[in-house]
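Written below as structure tokens is the structure these notes are about.
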Amino acid sequence: MTLPADHPSHALRAAGSPMLAACRGDGGRRHTPVWFMRQAGRSLPEYRAVRGSGSILDAIADPALSAEITLQPVRRYGVDAAILYSDIVVPAAAIGFGVDVAPGTGPVVAEPFRTEADLDRLVPLDPKTHTPYVLETVRRVVAELTPMGVPLIGFAGAPFTVASYLIEGRPSRTYEHTKAMIHSRPDLWHELADRLADLAIASLRSQILAGASLLQLFDSWAGALSPPDYERFVLPHSAKVFAGVADLEVPRIHFGVGTGELLTLMRDAGADVVGVDWRVPLDVARTRIGERHALQGNLDPALCLADWPVAEEATRDVLRRAGDHPGHIFNLGHGVLPETDPAVLERVVDLVHRETDRSR
Ligand code: CP3
């Protein structure tokens, strides 16, 4: 299946979206595109003003609210892409697995995934019935963004990262139950990961068909794995996700934290763009990844809390290390920290646009 002729991605490409151009390594872009992981929510006062209290899942189920939150950073920062205000656990929550997001903690599961019997809790996702509010949010956001020339990034959690929440039951630093299952019950692990790949595929396809122009697969915690374990137990499932959306021909970004040793494997899983955290300088990442893929990153988010000259020099350093390769999307190495002053992110966007301006 290819995207219909009236899909917004065609108009955005024709209008020269720097984000879409950089994903494809197209040298004609106006400037290096910039957006921030976790730009929606977090540090914005206008976010706190509308967010209300309670689970983020309730906010996500409200399309008017989610669309507004998705658009806030585009208005405030002038970023080159929006990311949907949602969460990686939304599909699992929507099919009734029993996940919530506890304010200040993150995803929590009262009855974690432990045995074969838990597979029955992972039914296929039917986006039209399980997550109609996500599709409505995408439609509303895209109607606003397309005339501005800004694409929407759809996203999903990769099988390993989502599984880590379902198995541990809460955020973890060691992933001990997950790793124990991978190694002592590989059959059960592969079945679980396969179902989570299907969940991600269904969710991503529905976001794209509703109007998102590119996607990011978040395998945030894959850096906890050794390369051999990643290659054997995780890569095939993430590769299934990328293959499952390939026919839609939208750019695919693959991101994880602490994944310096996994970068080539994450590329080989089928991404067009490889996300790099701040631990690997971009010029080093480039030698690992080669010339044929785009890179996304990689300012240390903590440096946005330092004095501006520090953040400024670090931003310039990222741009220098990206060099003149057309496949660079400026981003933080991970998400915006909640204490970040929005004025600093505004200055980072301006600096990246000014320093890489090719319209002069
Ligand atoms: O701007 C955006 O990034 C868009 C929205 C978005 C959220 N979560 C909203 C959110 C996205 C893309 C995510 C993805 C996500 N969720 C990831 C992958 C990205 C990454 O940062 O590595 C992960 C691992 C999760 C799971 C998750 N959800 C955690 C760990 C937390 C708690 C973190 C914290 O410090 O509070 C959440 C809750 C969450 N998801 C918040 C937001 C804005 C914060 C709480 C809230 O506003 O209720």
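We count residues from 1, following the sequence as given. Side-chain atoms are counted along with the backbone in the values below, which use heavy atoms only and exclude waters and symmetry mates. Here the structure is a predicted model, which means the values were calculated and not measured.
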Query - By salt bridge (charged side-chain N to carboxylate O under 4.0 Å, His left out) - contacts of Lys179 (at least two apart) - result: none
Report task. Could you list all the ring pair (Phe, Tyr, Trp, His ring centres under 6.0 Å) pairs where at least one residue sits in residues 81-124, not counting sequence neighbours? Result -> Tyr47-Tyr85
Query raised in the report: With Phe155, which residues qualify under ring pair (Phe, Tyr, Trp, His ring centres under 6.0 Å), at least two apart?
Result: Phe218
Report summary line: Closest heavy-atom pair, Gly157 versus Ala200, reported as atoms and distance to 0.1 Å, is O-CB, 3.9 Å
Report task. For Pro159 and His237, work out which heavy atoms get closest and say how close. Result -> CG-CB, 3.9 Å
Requested in this report: For residues Ser238 and Asp219, report the shortest heavy-atom separation together with the two atoms involved.
Outcome: OG-OD2, 3.9 Å
Report summary line: Taken in chain and number order and not counting sequence neighbours, the residues that satisfy ring pair (Phe, Tyr, Trp, His ring centres under 6.0 Å) with His31 are His353
Report task. Kindly write out the residues that satisfy ring pair (Phe, Tyr, Trp, His ring centres under 6.0 Å) with His334, not counting sequence neighbours, or none if the list is empty. Result -> Trp221, Phe255
Requested in this report: Output all residues satisfying side chain to side chain donor-acceptor pair (under 3.5 Å) with Arg288, sequence neighbours left out; order by chain, then residue number.
Outcome: none
Query raised in the report: Quick one: side chain to side chain donor-acceptor pair (under 3.5 Å) partners of Glu231, sequence neighbours excluded?
Result: none
Report summary line: Taking every heavy atom of Val241 against every heavy atom of Ile201, the minimum-distance pair comes out as CA-CG1, 3.7 Å
Report summary line: Contacts satisfying salt bridge (Lys or Arg N to Asp or Glu O under 4.0 Å) that involve residues 8-32 (not counting sequence neighbours) are none
Query raised in the report: With sequence neighbours left out, which residue pairs that include part of residues 155-172 fulfil the salt bridge (Lys or Arg N to Asp or Glu O under 4.0 Å) condition?
Result: none
Report task. Could you point out which residue of Pro8, Pro18, Pro33, Ser213 forms a side-chain contact (heavy atoms from CB on, under 4.5 Å) with Pro151? Result -> Ser213
Report task. With sequence neighbours excluded, tell me which residues meet salt bridge (charged side-chain N to carboxylate O under 4.0 Å, His left out) with Arg320. Result -> Glu313, Asp317
Query - Test salt bridge (charged side-chain N to carboxylate O under 4.0 Å, His left out) applied to Arg140 - qualifying residues, sequence neighbours left out - result: Glu136
Query raised in the report: Looking only at heavy atoms, which two atoms of Leu122 and Leu166 are closest? And how far apart?
Result: CD2-CD1, 4.3 Å
Query - Counterpart residues, salt bridge (charged side-chain N to carboxylate O under 4.0 Å, His left out), relative to Glu111 (two or more places apart) - result: none
